[in-house]
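First up is the structure itself, then whatever we jot down about it.
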Amino acid sequence: MSDAGLLFTDRVAALRDAFDRSFAEARAPAPPASEDLLAVRIGAEPYALRLSEIAGLFAERRITPLPGSTPALLGIAGFRGTIVPVWDLAVLLGHEAEAVRWLAMAAAEPVAFALAAVDGHLRIALDAIVASTAGDGPQPHVRHFARLPGPMRPIVHLPSVLEAVRRLVATNLGPGED
């Protein structure tokens, strides 16, 4: 048999042994349950959005302003053939309006939220998420915080933001405009 044939036979035997050993070794422990977050910055403050509450993240989309709208409503934008309202998340959270670069499409409804800065993706263990004790205090749309090295990040509860948007729209519609 040639040297190449011996090398091939040795390689096959080594692979077979490694395969057989994999069944004899202890199973690796399951990774801890985790949550995926999008780290964002609103003003100078760090925040996070749950990726499960977002359908997509888009950079530098054109927003067409609407006349006479509320300051939080920036206008409309097109996403995959659908026109959706774009709301300024900073204004909805009680911050000053900012220059917009990012749009986060809500998963629950065809609505986009404008963001100035995205810091990146975070995957944190579920035990690193702590409940807010403020209730409806200064941050009514924050129900949890992400405990990280450095400052804790408030996690924006998008369903409550969407509910606030629905109330805002209902308040601003006159009779017979729905």
Side-chain angles (χ1 to χ4, degrees), residues 34-124 129-148 150-178:
S34 62
E35 176 100 45
D36 288 317
L37 303 173
L38 180 67
V40 299
R41 200 161 291 281
I42 298 174
E45 302 295 318
Y47 282 88
L49 304 173
R50 284 186 163 87
L51 284 184
S52 61
E53 296 175 355
I54 299 172
L57 182 66
F58 303 88
E60 301 184 5
R61 287 289 173 115
R62 183 168 186 261
I63 301 170
T64 303
L66 297 174
S69 62
T70 165
L73 180 60
L74 296 178
I76 56 174
F79 296 91
R80 301 177 184 145
T82 303
I83 296 175
V84 301
V86 178
W87 293 85
D88 189 332
L89 190 58
V91 173
L92 292 170
L93 294 178
H95 295 274
E96 294 292 321
E98 304 178 289
V100 173
R101 175 150 193 262
W102 299 93
L103 297 179
M105 177 71 84
E109 295 181 30
V111 174
F113 294 104
L115 304 164
V118 173
D119 292 340
H121 170 260
L122 301 171
R123 177 170 286 153
I124 63 172
I129 296 176
V130 294
S132 169
T133 56
D136 286 332
Q139 295 181 321
H141 302 298
V142 173
R143 307 262 170 90
H144 296 92
F145 289 85
R147 190 176 335 135
L148 303 164
M152 291 195 1
R153 280 188 185 262
I155 300 172
V156 177
H157 186 249
L158 281 184
S160 72
V161 175
L162 287 168
E163 182 57 36
V165 165
R166 281 191 288 277
R167 283 193 309 269
L168 191 58
V169 169
T171 301
N172 288 325
L173 285 179
E177 292 186 60
D178 26 81

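All values below were derived from every heavy atom in this structure, side-chain atoms included, with hydrogens, water molecules and symmetry-related copies excluded.
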Show the nearest heavy-atom pair for residues [X] and [Y], with the distance to one decimal.
| X | Y | value |
| --- | --- | --- |
| Leu115 | Ala104 | CD1-CB, 4.1 Å |
| Leu74 | Ala114 | CD1-CB, 3.5 Å |
| Ala146 | Ile124 | CB-CD1, 3.6 Å |
| Phe145 | Pro154 | CD2-CA, 3.5 Å |

Is there a donor-acceptor contact under 3.5 Å from the side chain of [X] to the main chain of [Y]?
| X | Y | result |
| --- | --- | --- |
| Arg153 | Val40 | yes |
| Arg41 | Ala116 | no |
| Glu53 | His157 | no |

### Ring centres under 6.0 angstrom apart (Tyr47, His141)
no
### Check: Arg50 and Ile129 side chains under 4.5 Å, non-hydrogen atoms
yes
### Query
Any side-chain heavy-atom pair from Trp87 and Leu162 closer than 4.5 angstrom?
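No, their side chains stay 4.5 Å or more apart.
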In Å, rounded to the nearest 0.5 Å, how long is the span from [atom1] of [X] to [atom2] of [Y]?
| X | Y | atom1 | atom2 | value |
| --- | --- | --- | --- | --- |
| Ile76 | Arg62 | CD1 | CZ | 9.5 Å |
| Ser52 | Leu38 | OG | CG | 11.5 Å |
| Ile63 | Leu103 | CD1 | CG | 4.5 Å |
| Ile42 | Leu93 | CD1 | CG | 4.5 Å |
| Phe113 | Leu92 | CZ | CG | 6.5 Å |

### Message
Please determine whether a side-chain nitrogen of the Lys or Arg among Glu35 and Arg123 lies less than 4.0 Å from a carboxylate oxygen of the Asp or Glu.
### Response
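Answer for the salt bridge query: no.
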